[in-house]
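This report refers to the structure that appears directly beneath it.
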There are 2 protein chains.
Amino acid sequence: MKTKPSKCPGLPAPAALARLAAVLRLLAHPDRLRIVGRLERGGAAPVHELMADLGQAQGALSQHLNHMKRAGLVQADRRGKEVWYSVADRRAVKVLHCMCCKKETK
Amino acid sequence: MKTKPSKCPGLPAPAALARLAAVLRLLAHPDRLRIVGRLERGGAAPVHELMADLGQAQGALSQHLNHMKRAGLVQADRRGKEVWYSVADRRAVKVLHCMCCKKETK
DNA sequence: TCAAAGTATCATGATAATATAATATGTCAA
DNA sequence: TTGACATATTATATTATCATGATACTTTGA
């Protein structure tokens with residue numbers, strides 16, 4: 001075990017930091033933030049439903065989902081013709097919540 | 001008042017979402033993440049100290065700080081020749097902490 | 001006023017991200 | 001097997017971001 005530090009134990013090593021930054025880069029897009037929010041509150045959903053709920057174009061939405069899937073932020077489940085997506089990495093919704101807080105909140 | 005919802009009350013409006021995304025985009029860079037981490041743990045510091053601690057080039061560091069300042073993530077305080085920077089928006093460190101968590105952490 | 005330390009800004013070429021439209025793939029039912 | 005629905009992939013033009021080096025600004029003490 002690693003001495004269980006309180007928060008961030010120093011900072012992650014460069015390689016890990018780069019991965020964190022990459023994940024944040026994925027979250028740093030309005031459409032993708034909305035996808036995370038929708039999946040969190042509405043639960044898993046097939047692409048066409050996300051398309052309807054979020055008003056995003058099929059191709060673009062599919063790409064966003066694909067990127068997020070590669071990064072492990074969401075996961076995909078085929079059910080017949082549909083592919084249902086859901087949040088796979090809670091950090092995504094945590095970050096979203098953090099960002100929704102008032103700036104001054106500790 | 002807006003009924004004080006528990007977490008994210010629906011999602012922020014498009015304009016607000018775009019701002020959130022912009023802030024996240026700023027955090028989504030290894031060097032800037034390290035700046036936030038350094039400022040959090042070490043407190044305020046003048047640029048040349050950050051330069052030494054983080055091993056970042058002067059011009060680049062200055063630009064990072066400037067971008068973060070514009071977004072309100074950090075604040076600058078001139079003290080003589082030096083300019084001391086500190087965290088101005090707790091969301092920056094909160095996001096950093098979120099990201100440092102294990103993926104499975106609720 | 002000068003010099004030098006400390007920061008900030010600018011210019012630019014390289015790389016990455018984005019939007020969009022078109023096309024391809026997979027699945028099921030008839 | 002065909003058609004149609006659901007999703008994925010590709011191509012590409014555009015824009016944004018990054019790293020780097022050069023230059024400008026600001027402050028202080030001599």
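Letters go in sequence order (proteins before strands), and every chain restarts at 1.
Linking Ile, Leu, Val, Met, Phe, Trp and Tyr residues whenever their side-chain heavy atoms come within less than 4.5 Å leaves B:W84 and B:V74 in two separate clusters.
Minimum heavy-atom separation, B:L17 to A:P30: CD1-O, 3.9 Å.
The stretch residues 42-54 of chain A does not touch DNA chain C, since none of its heavy atoms comes less than 4.0 Å from the strand.
The nearest whole Å value for the distance from the CG atom in A:L24 to the P atom in C:dA16 is 19 Å. As rounded to whole Å, 14 Å separates atom C1' of C:dT20 from atom CD of A:Q56. If you measure from atom CG of A:D77 to atom P of D:dT7, you get 13 Å, rounded to the nearest angstrom. The CG-P distance, from A:L65 to C:dT18, rounds to 14 Å in whole Å. The separation between A:N66 atom CG and C:dA17 atom C1' is 15 Å, rounded to whole Å.
In this structure, B:Q75 and B:K69 have side chains that are not in contact, with every pair of non-hydrogen atoms separated by 4.5 Å or more. Residues A:H97 and B:K94 are not in side-chain contact: their nearest non-hydrogen atoms beyond the backbone lie 4.5 Å or more apart. Contact check for A:V36 versus A:V95: no side-chain heavy atoms found under the 4.5 Å cut-off. Between A:V83 and A:L65 the shortest side-chain heavy-atom distance does not fall below 4.5 Å.
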For nucleotides 11-30 of chain D, just jot down a letter per nucleotide in 5' to 3' order: B, S or -, based on protein non-hydrogen atoms under 4.0 Å. ------SSSB------SS--
With side-chain contact (heavy atoms from CB on, under 4.5 Å) as the test, would you mind laying out the steps for B:L73 and B:V87 before giving the verdict? CA-CA 6 Å; B:L73 290 179; B:V87 174; over 6 Å; no
Run the numbers on B:I35 and B:L61 for side-chain contact (heavy atoms from CB on, under 4.5 Å), then give the verdict. CA-CA 9 Å; B:I35 291 172; B:L61 179 53; 3.5 Å; yes
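The phosphate of D:dA6 (OP1 or OP2) has no side-chain N or O of A:Y85 nearer than 4.0 angstrom.
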